[in-house]
Amino acid sequence: MADDQRSKNDYKDTLFLPATDFPMRGGLPKKEPQMITRWDEMGLYAMLRADAKDREKFVLHDGPPYANGHLHMGTALNKTIKDLIVRTRQMAGFDANYVPGWDCHGLPIEWKVEEAFRGKGRKKGDVPPSEFREECRAYAAKWIDIQRTEFKRLGIEGDWWNPYKTMDFTTEAAIVREFLTFVEKGLVYRGSKPIMWSPVEQTALAEAEIEYHDHQSTTIWVKFPFVQAPEGLEGAQVVIWTTTPWTIPANRAVCYGEGISYGLYEVESVRQDLEFAPFAAPGDRLILADSLAEEVFGAAFVDTFKRIEDVPATKLSGAKLKHPLNGHADSYDFDVHMLSGDHVTDDAGTGFVHTAPSHGQEDYFAWLGAGLPLDAIPYTVGPDGAYTDEAPGFEGRQVFRTEGKKAGKDGDANPEVIKALVEKGSLLARGRLKHSYPHSWRSKAPVLFRNTPQWFIRVGQGEGSLRETALKAIDETTFYPPSGVNRLRGMVEQRPDWLVSRQRAWGVPITLFVDKSGEPLVDEAVNKRIYDAVAEKGADAWFDTPDAEFLGDKYDPADFEKVTDILDVWFDSGCTHAFTLEDRDDLQWPADLYMEGSDQHRGWFQSSLLEGCGTRGRAPYKAIFTHGFVLDDKGLKMSKSLGNVMLPEQVTQKFGADILRIWVASSDVQEDIRVGDEILGSAVDAYRKLRNTLRYLLSGLDGYTEEERVDVADMPELERYILHRLHEVNEKIRASFDAYNFKAAWRALSEFAIQDLSAFYFDIRKDCLYCDAPSSLKRRANRTVMAILLDHLVRLLAPVCPFTAEEVYDHFPAGLGEKKPSVHLLQFADVPGSYRDEALAERWQKLRGIRRVITGAIEEKRNEKLIGASLEAASGVVIDDPALADLAASVDLAELSITSQATLANGQAPDGAHRLPDQPNVAVSISKAAGEKCGRCWRVLPDVPEDGALCGRCADATK
RNA sequence: GCGCCGGUAGCUCAGUUGGUUAGAGCGUACGACUGAUAAUCGUAAGGUCGGAGGUUCAAAUCCUCCUCGGCGCACCA
């Protein structure tokens with residue numbers, strides 16, 4: 001080893017090099033769980049509450065996730081945004097108490113539990129309802145535990161040990177109370193409508209529970225003869241087309257459109273080249289929409305046909321048809337009405353619509369609209385999707401299979417009906433059609449329209465209606481983003497009455513007694529007894545308690561029927577505001593904010609709105625914030641089949657929760673956001689950079705004490721400029737937090753740390769920090785500013801990276817003053833307005849421009865291998881702008897640009913000087929600095945006696 | 001099918017009421033340093049602003065159509 005090498009090392013000991021135990025690498029996957037344990041043990045949540053006890057409340061009301069399954073990126077995103085909101089509000093000086101909740105009732109859990117029972121060889125029918133519900137309860141409880149752990153792993157702060165659950169007895173009672181309020185207000189009625197029915201799950205489904213998938217249907221064209229043909233139509237038959245042959249036994253009418261042009265057609269010949277005989281035969285006289293005739297004849301393998309005459313729609317008015325199954329099983333001998341219908345079009349089918357009022361919304365309304373009686377509508381299909389005895393000859397045949405592996409596949413109803421139609425000579429043609437068809441979102445099995453008695457909440461129309469109240473409430477709500485208002489408004493404007501009954505076991509019962517006329521009993525005393533019983537024993541109380549106990553002396557149980565349906569789970573979740581915000585002392589009603597995915601416009605936002613408006617006349621929230629969905633790195637939806645699913649657990653295990661949180665904070669969460677390896681990689685890089693900046697602050701403040709502190713007035717301009725920037729950035733970040741604009745806050749924070757601090761301020765002051773005497777004013781000012789920066793940055797970082805912020809806080813040098821037990825007990829600190837100095841900032845903005853010219857010039861010389869370290873350089877700066885030259889003269893350009901020397905001149909630049917396009921008046925020439933290199937500070941200065949010896953400044957500093 | 005939202009450098013995002021050569025950070029490449037070192041600093045490359053028309057003296061920004069993606073609604077007799 002050479003001598004000068006050793007001497008360098010000797011001087012190294014005289015430097016004030018940064019020192020800290022704070023590690024450069026985060027090691028988050030290991031460290032974060034320990035931090036969670038520590039927060040639990042110290043009771044951080046309780047401390048936060050106690051600390052904020054008397055502050056103004058800010059309530060973000062949690063939309064309950066469903067207590068089933070592990071977290072996915074969507075739920076992680078959702079809870080992380082909520083946590084960002086809650087933490088920033090808390091640190092901004094509010095009491096932001098976050099009470100998480102879970103949605104526990106409903107089909108998905110029931111489905112899983114049924115599966116489990118089946119696995120043990122027990123069919124649902126064999127399991128007593130109370131035992132079944134007990135299992136559901138246990139199942140939900142299990143997943144609540146799992147999800148709680150997973151949410152906590154993400155660093156979500158909240159009342160985890162006292163959350164709300166829709167299955168708590170008190171909650172179930174509260175939901176009963178809310179529902180009975182609707183009843184008392186006369187908003188609940190029993191209707192009989194065709195509704196979506198899932199034969200596999202044997203329940204009615206709301207629109208929210210339906211999804212559309214492709215389904216292969218058998219289509220048929222069916223001929224209906226006239227009972228008594230209108231003049232000129234003797235022997236003619238009306239043709240319909242349907243994709244649901246199984247609804248033919250329920251057919252009671254055929255609709256035609258008044259604006260459609262119909263014609264009477266006669267079959268001349270049918271195709272002979274087939275291996276089977278077409279159902280159509282020469283001489284058949286058929287009535288069809290003109291625009292569809294050719295298509296129909298094509299399907300029927302008719303070779304040639306002729307059009308005989310027009311059939312005006314008026315001619316069909318009032319006509320009666322024979323049912324195509326007339327005589328089958330000695331039945332179907334009633335008349336089929338021809339009805340006019342606006343819904344009939346001639347762009348598909350035959351121009352005539354087969355109408356089975358028990359199996360379609362439009363069919364039902366067409367029937368009622370014609371003034372035909374409700375009780376003439378048959379119930380041909382039972383809850384199990386099999387024909388009842390109202391479909392003579394087909395009893396027991398299933399539309400869809402409901403059991404085993406083939407559940408959801410076509411049953412034997414269609415083939416049997418088609419066979420019967422063929423026997424009757426009513427079939428004209430058949431075919432297959434692949435089209436989108438409603439399916440249950442849970443079982444993925446197709447559903448059918450079925451006419452059953454159900455309970456509804458009347459949303460109504462016009463003045464005084466629930467709809468009107470809700471629309472008014474929407475106007476009074478703030479939406480983030482503003483476009484959300486259109487969406488919710490559109491849905492509320494259009495939605496039908498709220499179907500709230502379900503024929504299931506796991507949920508809050510519809511606690512109604514119905515009298516002989518079908519009207520629900522409304523009696524306060526009875527309702528009170530019901531409420532008390534449910535509060536004590538849960539939903540089971542409704543089913544297990546004898547009716548007489550509820551009804552009391554006033555009513556005879558024999559006069560009433562007890563409803564055994566349960567409530568739609570959306571009603572449960574719509575009540576969360578009542579049993580959480582209102583019933584808990586540590587929250588308040590209405591909520592300041594509901595924050596969920598944009599799909600909840602149709603879900604929770606709406607159910608809560610209707611519930612709140614129905615019972616309390618206003619929305620339970622003041623504002624709604626929506627986030628988008630998590631997509632893969634190419635912008636596609638994550639799905640198992642695409643193999644592009646990423647789980648939050650993978651992220652926390654590989655990188656840590658703080659990384660996941662940075663991903664959230666740096667993304668535009670109001671839109672759909674992407675996630676993938678590269679995107680998370682950026683979050684990791686940003687994290688490292690920020691972590692190192694904080695580490696540098698910690699290490700630079702090693703041994704700092706209050707005595708070092710310098711008044712701002714006594715600080716160099718550079719320090720004051722940085723404090724000005726801090727003020728600016730702090731304002732920007734705080735304002736962004738207030739607007740829930742986390743990406744803007746994150747951007748401001750990380751760009752400040754990178755550009756202003758790491759690449760500019762720290763770089764310039766490194767020499768001072770390492771080499772100047774501890775007593776030097778400049779160094780003290782530098783350390784004072786570093787202390788101020790650290791204090792603010794750790795607070796601003798805390799909501800985004802709660803783990804890392806806490807770790808930084810742990811490593812705060814003792815001299816920074818008294819500490820709280822956790823960084824999260826701090827609030828954001830105001831940066832004194834006196835730090836703000838626009839004039840100074842403008843000057844330094846210009847100086848940074850000059851600096852960029854110098855660093856660019858150095859880089860040129862570096863590429864020419866003339867110099868290496870910038871301290872080897874001396875810069876000759878020439879400025880052709882007197883004011884700018886004066887400004888440059890007021891600072892130490894060498895220090896600013898981290899060169900050893902600098903000269904400044906006015907006027908024209910020499911040839912070959914470096915320039916930048918945006919700095920037209922600045923030119924820089926670089927030469928090697930004259931003198932020897934100081935062995936301590938490495939600057940090349942004329943006052944260094946020999947290479948490796950000390951410069952004057954260092955000689956003083958080491959005395 | 002209809003409605004809403006969105007498509008700006010490899011990635012994440014800025015781009016105010018339309019106005020000079022469209023910005024930042026990260027990443028990349030190259031280089032420097034070796035006293036923030038699995039760090040730090042510098043320089044550079046990189047975009048026909050999803051596409052096509054149109055309005056305008058002037059459009060990433062306004063209009064129309066198309067396309068891709070997401071969400072929602074609906075129909076399918």
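A note on names: the letters A, B, ... follow the listed sequences, proteins ahead of strands, and every chain is numbered from 1.
Side chain A:S758 to base B:A36: a donor-acceptor pair is found below 3.5 Å.
Atom pair A:L866:CG and B:A32:C1' shows a separation of 14 Å (rounding to whole Å applied). The separation between A:N863 atom CG and B:A29 atom C1' is 13 Å, rounded to whole Å. As a whole-Å value, the separation of A:R848 CZ from B:A24 P is 13 Å. The interatomic distance linking A:Y687 (OH) with B:A38 (C1') rounds to 15 Å, in whole Å. B:C5 atom P lies 12 Å from atom NE2 of A:H601, rounded to whole Å. In this entry the distance linking CG of A:D756 with P of B:C41 reads 12 Å, nearest Å. Rounded to whole Å, the distance from CG on A:D772 to C1' on B:G35 is 15 Å. Rounded to an integer number of Å, the gap from CG of A:L789 to P of B:A36 is 18 Å.
Look at the C1' atom in both B:G46 and B:G25: the space between them is 15 Å, to the nearest Å. For the P atom pair drawn from B:G15 and B:C71, the interatomic distance equals 26 Å after rounding to whole Å. Nucleotides B:A36 and B:C41, compared at atom P, are 10 Å apart to the nearest Å. Separating the C1' atom of B:C2 from that of B:G18 is a span of 32 Å, rounded to the nearest Å. Spacing of P atoms, B:C13 relative to B:A32, comes out at 35 Å, to the nearest Å. Taking atom P in both B:G3 and B:C63, one finds a spacing of 16 Å when rounded to whole Å. With C1' as the reference atom, B:U56 and B:C11 are 36 Å apart, rounded to whole Å. The gap from the C1' atom of B:U8 to that of B:C49 amounts to 4 Å, rounded to the nearest Å.
A:K865 comes within contact range of the sugar-phosphate backbone alone, with a heavy-atom separation under 4.0 Å but no base atom that close. Counting non-hydrogen atoms under 4.0 angstrom, A:F629 reaches the backbone sugars and phosphates but no base. Among the protein residues, A:L636 comes within range of the sugar-phosphate backbone only, with heavy atoms under 4.0 Å from sugar or phosphate atoms but none that close to a base. Residue contacts shown for A:K689 are limited to sugar-phosphate atoms, with no base heavy atom under 4.0 Å away. A:Q755 comes within contact range of the sugar-phosphate backbone alone, with a heavy-atom separation under 4.0 Å but no base atom that close. Note on A:T855: only backbone sugar-phosphate atoms sit closer than 4.0 angstrom, heavy atoms only; bases stay farther off. Contact annotation for A:T242: backbone-only contact, meaning every heavy-atom pair under 4.0 Å involves sugar-phosphate atoms and none involves a base. Within the nucleic acid shown, A:I754 comes within 4.0 Å of sugar-phosphate atoms alone, with no base atom in reach, counting heavy atoms only.
Remark: A:D599 engages no residue in a salt bridge (Lys or Arg N to Asp or Glu O under 4.0 Å) (not counting sequence neighbours).
A donor-acceptor distance shorter than 3.5 angstrom exists from the side chain of A:T355 to the backbone of A:V353, with no hydrogens or angles considered.
In terms of phosphate contacts, A:R695 brings a side-chain nitrogen or oxygen within less than 4.0 Å of OP1 or OP2 of B:U37. The side chain of A:K12 places an N or O atom within less than 4.0 Å of a non-bridging phosphate oxygen (OP1 or OP2) of B:G35.
Pairing partner, B:C49: none, since no Watson-Crick or wobble contact has both distances short of 3.5 Å. Of all nucleotides present, none satisfies the Watson-Crick or G-U wobble test against B:G35 with each distance under 3.5 Å. Shown here, B:U28 forms a base pair with B:A44; the pair counts as Watson-Crick or G-U wobble because both key distances fall under 3.5 Å. Base pairing of B:G1 is made with B:C73, judged by Watson-Crick or G-U wobble geometry with both donor-acceptor distances under 3.5 Å. In this structure, B:U55 forms no base pair with any nucleotide, since neither Watson-Crick nor G-U wobble geometry is met with both distances under 3.5 Å. Shown here, B:G6 forms a base pair with B:C68; the pair counts as Watson-Crick or G-U wobble because both key distances fall under 3.5 Å. Base pairing of B:G18 is not made with any nucleotide, judged by Watson-Crick or G-U wobble geometry with both donor-acceptor distances under 3.5 Å.
A salt bridge between A:R848 and A:D756 is present, with a side-chain N of the basic residue lying under 4.0 Å from a carboxylate O of the acidic one. Looking at A:R953 and A:D767, a side-chain N of the basic residue comes within less than 4.0 Å of a carboxylate O on the acidic one, giving a salt bridge.
Ranked by how close their nearest RNA chain B nucleotide is to the 5' end, A:N486 and A:A869 are led by A:N486. Between A:R851 and A:S483, the residue whose closest nucleotide on RNA chain B is further toward the 5' end is A:S483.
Taking the side chain of A:E671 as heavy atoms from C-beta on, and the options B:C5, B:A36, B:G70, the nearest nucleotide is B:C5. Residue A:K933 has its side chain nearest to B:U34 when only B:G70, B:C73, B:U34 are considered. Picking from B:A38, B:G70, B:G42 the nucleotide with the shortest atom distance to the side chain of A:E859 gives B:G42. Checking B:G72, B:A32, B:U40 against the side-chain heavy atoms of A:D599 singles out B:G72 as nearest.
The 12-atom threshold is not exceeded at CG of A:D677, counting heavy atoms of other residues, nucleotides or ligands nearer than 6.0 Å. Within 6.0 Å of atom NZ in A:K928, more than 12 heavy atoms from other residues, nucleotides or ligands are found, so the atom counts as buried in its surroundings. Within a 6.0 Å sphere centred on CZ of A:R489, heavy atoms belonging to other residues, nucleotides or ligands number more than 12.
Taking OG of A:S699 as the reference point, atom CG of A:L769 lies at 8.0 Å (rounded to 0.5 Å). The CZ atom of A:R939 sits 8.0 Å away from the CG atom of A:L871 when rounded to the nearest 0.5 Å.
In the model, A:R936 has no side-chain atom that pairs as donor or acceptor with a side-chain atom of A:T958 under 3.5 Å. A:H354 and A:T247 share a side-chain donor-acceptor pair at under 3.5 Å.
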> Nucleotide by nucleotide, 5' to 3', does protein get under 4.0 Å of the base (B), only the sugar-phosphate (S), or neither (-) in nucleotides 9-15 of chain B, counting heavy atoms?
Replying inline: -BSSBS-
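Where stacking is scored as ring centres under 5.5 Å apart with planes under 30°, A:Y770 does not register as stacked on the base of B:G35.
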